[in-house]
Structure formats: C-alpha cells, structure tokens
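Data block below; observations after.
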Amino acid sequence: MAKNTPSFALSEQEALARFDEIIAADERIEPSDWMPDAYRKTLIRQISQHAHSEIIGMQPEGNWITRAPSLKRKAILMAKVQDEAGHGLYLYSAAQTLGIGRDQMTEDLISGKAKYSSIFNYHTPTWADIGSIGWLVDGAAICNQVPLCRASYGPYGRAMVRICKEESFHQRQGFEILLHLSRGSKAQHDMAQESVNRWYAPALMMFGPPDAQSPNSAQSMAWKIKRFSNDDLRQRFVDMIVPQSEVLGLTLPDRAIRWNEKRGHFDYGDLDWDEFNEVLKGRGPANSIRLERRKQAHDDGAWVREAAAAYAARENKEAMAS
Ligand code: FAQ
C-alpha cells in the first residue's frame, strides 16, 4: 500500500495496518488519519479531562489573587492562572480535532459526568498553598506531561510542548515561594511545612491508581499515548522532590521515605487510595464548590457567547455578500 494513499481510499483492514505502522515507527497520527474508535475515545477522554483540570485548577489558586502578599506576587499569580486558562484552551482545541464539540465537553464537566484531576478538590486556606501547588502540583504535572509531548496523537503532543515550558516556570515560582517562607520567620516556616504536609499525598495520587488497578494504562501505553506507567512516573516524582525538600528545609510527611541502594530509588509509604476514590466519586473536600463555581461562570458568560456568535454571523453574512 502506497504511504501517501489517502485514508478514505483504504479498506478498514488496510487502514488499521497503516495505523499500526505509524505507531510502531513512533510517528504521529494526525486528525485526518484513520484511527480505531477506541483510540479516538481514549484520547477524547484523556485530553478533555486534562483540559477540565487546567480550567478547574484555576479556582484554588484564583482564591489567592486578591490576597497575595505583595503586588509582585499578585502579578505573578495572575499570569500563572492565565497560563492555566491558555492550557485549557489548547487542550480543548486538541480534543475538538477528534470530533467532539466544546459545548459537549463543557456540559459533561458541569453535569459531573467528566472527570478532572483529583488534586483540585482540595482547599487552599493559606498563602503557602500557592507555593505547594507550584512546587508539588506543577512538579507532578511536569513529570506526567513531559512524556506526553511524545504522545502518538499529533495535536496533543504539540500542545503539550508549550504547556510543559510554562509548567516548568510555574514549578519554580512555587519552589521560590516555599523557599522564601521556609527561610522566613518561624510562623512562615511553620505555614510552609503545614501546607506541604497537606499537599504531599494528594500530589502523589495525581499520577492515578497503582498500575495493578489502572484499567487504561496497558492499552494507552501500547498506543504510545502514555509512555510510562502511573507508578513509574510517581517514583520519578518522589526521586525528584526528596532532594528538593532538603534544599527547602522542609520535611515530606512520610516516614517510609528512604534511599534504596538496590533499586536506585527512594522508597515511600502507602497512599490512602480510599481517599482518592472518594474524591473521584465527587466526595472530596471541595468537589461541589468547584463544580458550582464552574457552572456559575459558564452561566455568567452566556451573553459573551451570544454576542460572539452574533458578531461571527454578521461577519459571515458580509463576507458572503462581498
Ligand atoms: N484524578 O486507568 P487510569 C495540572 C481516573 S493538570 C482524577 O490510570 P489513565 C496543571 C482515570 O481518568 C493535571 N481521575 O487512567 C495545573 C480513569 O477514569 P476513567 C491533570 C483520575 O487515563 C497545575 C481511572 O481513574 N493532568 O496539574 C486520576 O490511563 C496547577 C483509572 O485510571 C492530566 O490530566 C486523577 N488524579 O491515567 C493546573 C495529564 N487518576 O476516565 C492548575 C493527562 C486517574 O476511565 C494549577 N492525563 N484517574 O473514568 C494522564 O496522564 C492520565 O489520564 C492519568 C490517568 C495519569 C491522569
């Protein structure tokens, strides 16, 4: 079969053979290429969940924009939250190339049908939480997302390249906030430690359930959407944050953490997967607040969508007439 034969001219068997060849050669599937339905569905699921996470993830941080401790911190935090909105938009656009509409994705989020990352269902009661989100949540996001730059689906992989660059900056600003607090007064140091105590385990759970309980991993890895398993990425993250916590002068709240010479990795303790499952079922500390707020913002934005649609229709009409 010629390599440049268009997908529509191939039988389903030939199209599948070409799809398998592209995956095996580590090349990219593009929107106009034939793809198995299950591959499309998996991508829509993962990319839309990822987009929702970026959008919902603006809320816990947005909580501190009006209360950031200085003008400089406020400006940095506003820029970061705007970056998250941009990430959401790139990702919704990537999902749209697979044939799902933005309205449908929004509806699925607001109705509670679609998932978003468990981590954003935790509260941010102190300023140090902005540091912990940057250091731990963005740090985990980077570990998980750098390999996604090589995802087999072109629009997803390309969106991830820019997102990862921005996440690296986010991670450093979080680290710098914690370093500043840790080296400040005793009250500031204690606030940083208390915050890290709360965010450590939820950040480790961001990588998803243990491999043995991850129904999607094997197929997603075979399709080269995911490049590493949930546990491998979690381990990579632990290995990264243990030395960083020493520089920060903060302790990770896990007594089981110790260097394992034989494995060449840090061992760490068990996580509370019951808590993770409760959060996924909508019963985490802030699930209902997050969805309520998102729905309110969507309703408040109805007039903007109507105005944009009316403007586009007028422009269209004028273009047709000229
Ligand atoms: N939260 O079989 P697996 C960020 C679900 S962005 C909620 O292992 P998979 C930036 C999973 O969907 C953070 N649900 O699933 C930022 C599946 O349910 P389903 C988001 C989770 O897809 C920073 C079920 O459990 N990042 O932080 C979670 O192979 C600061 C079984 O799991 C991404 O979305 C979870 N943590 O692996 C923004 C990265 N984990 O759908 C603002 C892209 C698992 O079958 C401020 N996504 N589930 O009903 C991925 O890499 C993957 O989708 C995983 C899950 C690794 C999240």
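Please read all numbers here as calculations on a predicted model, not as lab measurements. Every heavy atom of this structure was used, including side-chain atoms; hydrogens, water molecules and symmetry mates were not. Atoms within a ligand are numbered from 1 in the order they appear, just like the ligands themselves.
The shortest separation from a heavy atom of Glu167 to ligand 1 is under 4.0 Å, placing the residue in contact. Ligand 1 is never approached by His87 to a heavy-atom distance shorter than 4.0 Å.
At a heavy-atom distance under 4.0 Å, atoms from both the backbone and the side chain of His50 approach ligand 1. In Ala141, the part holding a heavy atom less than 4.0 Å from any atom of ligand 1 is the side chain. Contact annotation: for Asn216 versus ligand 1, heavy atoms closer than 4.0 Å belong to both the backbone and the side chain. Within the 4.0 Å heavy-atom criterion, the part of Lys226 lying near ligand 1 is the side chain and not the backbone. Contacts with ligand 1 closer than 4.0 Å are made by side-chain heavy atoms of Tyr156 only, the backbone lying farther away. The side chain of Asn144, and not its backbone, has at least one atom closer than 4.0 Å to an atom of ligand 1 (non-hydrogen atoms only; side chain from C-beta on). When heavy-atom distances to ligand 1 are checked against a 4.0 Å cut-off, Met58 has no atom that comes that close, whether in backbone or side chain. Here Phe120 has side-chain heavy atoms under 4.0 Å from ligand 1, and that is the only part of it that gets that close. Contact annotation for Gln145 and ligand 1: only side-chain heavy atoms (C-beta onward) come within less than 4.0 Å of the ligand. Heavy atoms of Leu148 found under 4.0 angstrom from ligand 1 belong exclusively to the side chain.
Closest protein heavy atom to atom 28 (C) of ligand 1: Phe276 CZ, 3.6 Å. Nearest to atom 11 (C) of ligand 1 among the protein's heavy atoms is Arg45 NH1, 4.1 Å. The protein heavy-atom contact nearest to atom 31 (C) of ligand 1 is Pro215 CD, 3.7 Å. Nearest protein heavy-atom neighbour of atom 19 (P) of ligand 1: Lys115 NZ, 3.5 Å. Looking only at protein heavy atoms, the nearest one to atom 35 (C) of ligand 1 is Ser118 OG, 3.6 Å. Nearest protein heavy-atom contact of atom 25 (O) of ligand 1 is Leu280 CD2, 3.7 Å. What sits closest to atom 47 (N) of ligand 1 on the protein, heavy atoms only, is Gln46 NE2, 3.5 Å. With respect to atom 3 (P) of ligand 1, the closest heavy atom belonging to the protein is Ser214 OG, 3.4 Å.
Contact atoms of ligand 1 toward Tyr116: 1 (N), 7 (C) (distance under 4.0 Å to a heavy atom of the residue). Near Glu54, meaning under 4.0 Å from any of its heavy atoms, are these atoms of ligand 1: 6 (S), 10 (C), 16 (C), 38 (C). Taking every heavy atom of Lys80 and a limit of under 4.0 angstrom, the matching atoms of ligand 1 come to 30 (C), 46 (C). Ligand-side atoms of ligand 1 in range of Gly208: 40 (N), 44 (C), range being under 4.0 angstrom from any heavy atom. Counting the atoms of ligand 1 from 1 in the order shown, those under 4.0 Å from a heavy atom of Glu84 are 16 (C), 30 (C), 38 (C), 42 (C), 46 (C). Below 4.0 Å from some heavy atom of Glu61 lie the following atoms of ligand 1, by number and element: 46 (C). Close contacts between ligand 1 and Phe207 involve ligand atoms 56 (C) [criterion: under 4.0 Å to a heavy atom]. Atoms of ligand 1 found under 4.0 Å from any heavy atom of Asp138, numbered from 1 in the order shown, are 23 (C), 30 (C).
Taking 4.0 Å as the cut-off between side-chain N and carboxylate O, Asp83 and Lys80 do not count as a salt-bridged pair. Ion pair Glu166/Arg162 flagged as a salt bridge, since at least one NZ, NE, NH1 or NH2 atom sits closer than 4.0 Å to an Asp/Glu carboxylate oxygen. Asp211 has no carboxylate O lying under 4.0 Å from a charged side-chain N of Arg234, or vice versa, which leaves the two without a salt bridge. Salt bridge annotation for Glu176-Arg73: present, with a cationic side-chain nitrogen under 4.0 angstrom from a carboxylate oxygen. Using a 4.0 Å cut-off between charged nitrogen and carboxylate oxygen, Arg198 and Glu194 count as a salt-bridge pair.
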Quick one: do Asp108 and Gln104 satisfy side chain to side chain donor-acceptor pair (under 3.5 Å)? Show the steps, please. CA-CA 6 Å; Asp108 288 349; Gln104 181 65 54; 3.0 Å; yes
Tell me, with the steps shown, if Gln46 and Tyr156 meet side chain to side chain donor-acceptor pair (under 3.5 Å). CA-CA 10 Å; Gln46 177 164 329; Tyr156 191 29; 3.3 Å; yes
Trace of the side chain to side chain donor-acceptor pair (under 3.5 Å) decision for Gln49 with His52: CA-CA 5 Å; Gln49 285 178 7; His52 298 326; over 6 Å; no
Take Thr126 and Ser195 through the side chain to side chain donor-acceptor pair (under 3.5 Å) test and state the conclusion after the steps. CA-CA 8 Å; Thr126 74; Ser195 172; 4.6 Å; no
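More than 12 heavy atoms of other residues, nucleotides or ligands lie within 6.0 Å of CZ in Arg263, so this atom counts as buried by the packing criterion.
Under the 6.0 Å distance and 45° angle rule, Arg236 counts as a cation-pi partner of Phe228.
At a 3.5 angstrom cut-off on N or O pairs, Met206 counts as close to ligand 1.
Nearest heavy atoms, Pro60 versus Ile130: O-CD1, 4.3 Å. The minimum heavy-atom distance linking Leu77 with Glu61 is given by the pair CD2-O, 3.7 Å. Minimum heavy-atom separation, Gly208 to Trp273: O-CH2, 3.2 Å. For Trp199 against His123, the heavy-atom pair with the smallest separation is CZ2-O, 3.3 Å. A pairwise comparison of heavy atoms in Glu30 and Gly154 identifies OE2-CA, 3.8 Å as the closest pair. The minimum heavy-atom distance between Arg158 and Arg28, with the atom names listed, is CG-NH1, 4.1 Å.
Comparing Gly88, Pro209, Ser117 against atom 13 (C) of ligand 1, the shortest heavy-atom distance belongs to Ser117.
Looking at heavy atoms from C-beta onward, Asp138 lies out of side-chain contact with Phe169 at the 4.5 angstrom threshold.
By the definition of a contact as any protein heavy atom under 4.0 Å away, atom 54 (C) of ligand 1 is not in contact.
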